[in-house]
Every structure is written in structure tokens, then in C-alpha cells.
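Notes for the one structure printed next.
Note that the coordinates shown come from a computational prediction; the quantities given were computed from them, not determined experimentally. Throughout, a chain's letter reflects where its sequence line sits, starting with A, and its residues are numbered from 1.
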Protein chains: 2
Amino acid sequence: MVQYNPARSQAYFPGDSPAYSAARFDASFAALSDATRRGILEQLGRADASITDLAEKFQMTLTGMKKHVGILERVGLVTTEKVGRVRICRLGESQLEEEAAWLANYRQLWDARFDELDKVVEELKLKEMSDGHT
Amino acid sequence: MVQYNPARSQAYFPGDSPAYSAARFDASFAALSDATRRGILEQLGRADASITDLAEKFQMTLTGMKKHVGILERVGLVTTEKVGRVRICRLGESQLEEEAAWLANYRQLWDARFDELDKVVEELKLKEMSDGHT
DNA sequence: TTTATACTGAACCACATGGTTCAGTATAAT
DNA sequence: ATTATACTGAACCATGTGGTTCAGTATAAA
């Protein structure tokens with residue numbers, strides 16, 4: 001979905017390093033936006049699994065599961081290896097570091113924003129005290 | 001998208017509290033999976049804005065922007081208030097705490113999983129030393 | 001009172017998504 | 001050599017998504 005090109009030299013979020021690509025975030029947040037896929041990650045956190053294993057666990061056709069694994073694989077959350085006729089799925093190298101960093105950054109920004117609002121409210125209160133009810 | 005009901009009493013992720021609803025995560029990760037929407041959050045972190053402001057900044061119709069704001073609003077990332085004929089958008093109450101917690105939890109799980117693998121490799125190395133090349 | 005502004009909702013569009021079935025291919029087991 | 005297993009790919013389907021236009025409504029400005 002990429003787009004968002006607001007003709008600013010600045011990046012997609014305050015503090016963004018060049019490594020933060022919008023497309024990457026689009027894809028990894030989208031990958032996480034499905035409960036089945038989050039479940040697959042959980043499962044692979046416990047033990048490696050074949051497509052068949054996963055398809056059974058999540059009550060889905062092999063083809064359907066293969067697609068989910070493909071999506072997770074494309075964003076690096078899962079890696080697979082074909083051994084004989086079975087494809088082994090394991091957790092991939094992505095620890096979601098940048099996504100976690102983005103979230104942390106957002107929460108910081110959120111705090112800053114609301115501290116600022118608090119200050120304004122504070123000032124209004126002071127003003128009111130000195131103005132009105134003397 | 002809800003679904004994922006693998007007939008287990010356990011929740012959607014190890015350590016999930018009842019507060020973690022799959023639907024909620026589906027929606028908030030999906031909301032974050034669009035670069036424009038992440039940009040809107042950034043913008044509102046700097047200052048409140050009207051639909052018109054945002055639509056201009058992101059070169060989009062009012063209707064289009066309204067939809068994005070609606071999506072962010074539904075997951076609590078944005079709140080809006082209509083003042084006269086303009087709708088003011090601000091950051092909402094969601095600081096993405098649970099989403100951040102999920103990510104942190106995943107990374108922990110990931111670490112545990114790979115520590116375990118390291119141990120296996122370690123054992124194999126020891127075994128090989130005592131077995132083969134004596 | 002007229003006119004401009006700011007939004008809103010319905011309807012449409014192309015394309016993505018999450019799933020399926022069906023027809024294969026490759027590998028393992030008998 | 002035959003049969004069963006495990007996947008794979010193409011094609012289809014219903015629904016969702018990100019965007020648009022068009023036709024309003026409500027409010028503010030002149």
C-alpha cells in the first residue's frame with residue numbers, strides 16, 4: 001500500500017531512520033493483524049511445525065495454511081525449509097525490533113503531546129485564579 | 001477477522017490476559033498497517049487538525065481522509081469533536097499499551113526459543129567431541 | 001439572504017485478502 | 001511397482017480496503 005508521500009523531506013515518523021521503510025511496516029503490521037498468524041507465531045515459539053501440523057491445529061486446508069506461512073515468511077517472521085516432502089516452519093530472524101521501536105516512539109510522542117496539554121490546562125487554571133475569583 | 005479458535009482453553013498468545021482480544025488486535029494492527037494512517041498519527045502528535053487539514057497534507061479527498069480518521073477512531077487512536085462545521089481530530093486515549101506488550105512478549109518468546117536452540121547446538125557439539133574425534 | 005466552507009453519506013471502482021477446491025508433483029512407505 | 005502422504009499452484013469466491021465522485025446538509029461569512 002506504500003503511498004503517503006506528503007512532499008516533506010522528513011520520514012514516516014519523527015525519529016525515523018532510513019532503515020524504517022513504510023512498505024516494510026505496512027507488511028509486518030498487516031502480517032500481525034490476523035489472529036491466525038499471531039497464533040502460528042505462538043505455535044512456532046513452542047516448537048517447529050510442518051504445514052500439515054499447523055493446518056490441523058488451525059483447522060484449515062494445507063493451501064490456506066501455506067498462504068499464511070508465506071505471508072509470515074515474506075516479512076521475516078518465519079523461515080521454512082523443505083526436508084523430503086515436508087516443509088518445516090520455524091520462527092524467522094525478525095524479532096520485530098523496528099516495529100517495537102516504532103510503538104515505543106509513538107508512546108513517547110503521545111506522552112509529550114499530553115504533557116503539553118496538561119501544561120496548557122495548568123496555565124489556564126493559574127490564569128483563572130489570578131483573573132476571576134480574586 | 002476474529003476466527004482462530006483452535007479449541008484450546010489457552011488464549012491467543014502465551015501470557016495473554018483476558019483483556020487481550022483477538023478482534024482488538026486485528027483492528028489495531030490493521031490500523032497501523034497503512035502508512036497514511038501512521039502519518040496521521042504523527043501529524044496529530046504535533047498538533048490537532050481538521051479533516052480538511054489532514055486531507056490537504058496527505059493529498060486526498062475529504063471523504064477519503066474521513067474514512068482513515070474513522071478507522072483510527074474505532075481503535076481509539078484518535079478522537080474527534082465537531083466544533084461548528086469543522087471536525088477537530090486529536091490523538092485518542094490509546095497509547096498502544098497492549099500492542100506494545102504483545103510485541104515485547106513475542107520478543108521474549110523469540111529469545112527463549114533461540115536460547116533453547118543454542119543449548120541443543122551446544123549439546124551436539126559436546127557429544128561430537130566425546131564421540132567422534134577422540 | 002445569499003454564498004462559501006466543511007463535512008457527510010451513498011455508491012461505485014479496482015484490487016487485496018482469506019479462504020476454498022481441484023488437479024497436479026515429489027517423496028516415502030509397502 | 002503401487003499406494004499413500006505432503007505439499008504446491010491455479011483458479012475461483014465472498015468480502016474488505018483504499019480510494020474516488022456526486023449529491024447532499026449544516027454552519028459561517030458577507
Side-chain angles (χ1 to χ4, degrees), chain A residues 1-6 12 22-41 44 48-75 77-90, chain B residues 1-6 12 22-41 44 48-75 77-90:
Chain A
M1 233 91 293
V2 186
Q3 61 214 141
Y4 171 43
N5 182 16
Y12 296 94
R24 185 200 151 86
F25 275 16
D26 283 9
S28 52
F29 281 130
L32 293 176
S33 75
D34 183 283
T36 299
R37 286 193 291 266
R38 291 193 304 274
I40 292 168
L41 291 178
L44 297 182
D48 298 348
S50 68
I51 302 284
T52 299
D53 293 340
L54 294 172
E56 265 166 25
K57 178 87 61 179
F58 294 91
Q59 303 188 81
M60 186 177 301
T61 58
L62 289 179
T63 311
M65 182 49 68
K66 177 90 187 314
K67 282 192 184 179
H68 278 305
V69 169
I71 288 168
L72 290 169
E73 207 171 358
R74 268 202 301 276
V75 298
L77 283 164
V78 161
T79 51
T80 72
E81 180 198 358
K82 189 118 188 203
V83 175
R85 64 189 168 181
V86 11
R87 178 170 298 279
I88 300 175
C89 310
R90 6 179 106 82
Chain B
M1 232 89 298
V2 187
Q3 61 214 143
Y4 171 42
N5 182 17
Y12 297 93
R24 187 200 149 86
F25 275 17
D26 283 9
S28 52
F29 280 130
L32 293 176
S33 76
D34 183 283
T36 299
R37 285 193 293 265
R38 291 193 303 275
I40 292 168
L41 292 179
L44 297 182
D48 298 348
S50 67
I51 301 284
T52 299
D53 293 341
L54 293 171
E56 265 166 24
K57 178 88 59 180
F58 294 91
Q59 303 189 80
M60 186 177 302
T61 58
L62 288 179
T63 310
M65 181 50 66
K66 177 92 186 313
K67 282 193 183 179
H68 278 303
V69 169
I71 289 168
L72 290 169
E73 207 171 357
R74 269 202 301 276
V75 298
L77 282 164
V78 161
T79 52
T80 71
E81 179 197 359
K82 190 117 188 207
V83 174
R85 63 188 170 183
V86 11
R87 178 171 298 279
I88 300 175
C89 309
R90 8 179 103 84

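- Base pairing of D:dC22: its partner is C:dG9, meeting the Watson-Crick or G-U wobble criterion (both donor-acceptor distances under 3.5 Å).
- Separating the CG atom of A:Asp53 from the P atom of D:dT5 is a distance of 15 Å, rounded to the nearest angstrom.
- Closest to the side chain of B:Arg85, from the set C:dG19, C:dA6, D:dT8, is C:dA6.
- We find that CD of A:Glu56 is positioned 9 Å from P of D:dA6, with the value rounded to whole Å.
- Side chain of B:Arg74 to main chain of B:Ala31: no donor-acceptor pair is present (N/O by atom type, distance under 3.5 Å, no hydrogens or angles).
- Both A:Lys67 and B:Ala30 lie close to DNA chain D; mapped to their nearest nucleotides by heavy-atom distance, the more 5′-ward contact belongs to A:Lys67.
- Within 4.0 Å (heavy atoms only), B:Leu62 reaches at least one base atom of the nucleic acid.
- When distances are taken from the side chain of B:His68 to each of D:dG18, C:dG19, D:dT20, the shortest belongs to D:dG18.
- If you take CZ of B:Arg87 and P of C:dT5, they are 20 Å apart, rounded to a whole angstrom.
- Following rounding to the nearest Å, A:Gln59 (CD) and C:dG19 (C1') show an atom-to-atom distance of 14 Å.
- Below the 3.5 angstrom threshold, one finds no donor paired with an acceptor across the side chain of B:Thr63 and the base of D:dG19.
- Atoms CG (B:Leu72) and C1' (D:dT17) sit 14 Å apart, rounded to a whole Å.
- One interatomic measurement links the two molecules: CG of A:Asp26 to P of D:dT17, which rounds to 14 Å at whole-angstrom precision.
- With distances taken from any side-chain atom of B:Ile71 to the nucleotides C:dT20, D:dG18, D:dA4, the minimum falls on D:dG18.
- Under the 4.5 Å side-chain criterion, counting only non-hydrogen atoms from C-beta, B:Val69 is not in contact with B:Arg87.
- Neither OP1 nor OP2 of C:dA6 sits under 4.0 Å from any side-chain N or O of B:Lys82.
- Across the strands present, D:dA28 finds its partner in C:dT3; the criterion is a Watson-Crick or G-U wobble pair with both atom distances under 3.5 angstrom.
- For A:Leu54 and D:dT8, the CG to P distance is 12 Å, given to the nearest whole Å.
- The shortest side-chain heavy-atom distance between A:Leu77 and A:Leu44 does not fall under the 4.5 Å cut-off.
- Residue B:Arg37 has a polar side-chain atom (N or O) positioned under 4.0 Å from OP1 or OP2 of D:dG18.
- Rounded to a whole Å, the CZ atom of B:Phe29 is 16 Å from the P atom of D:dT17.
- Heavy atoms of A:Gly64 sit under 4.0 angstrom from at least one base atom.
- The two atoms that bring A:Met65 and A:Leu54 nearest to each other are CE-O, 3.5 Å, heavy atoms only.
- Applying the 3.5 Å distance criterion, the base of D:dG9 shares no donor-acceptor pair with the side chain of A:Lys66.
- Two residues are said to be in side-chain contact when any heavy atoms from C-beta on lie closer than 4.5 Å; A:Leu41 and A:Val78 meet this criterion.
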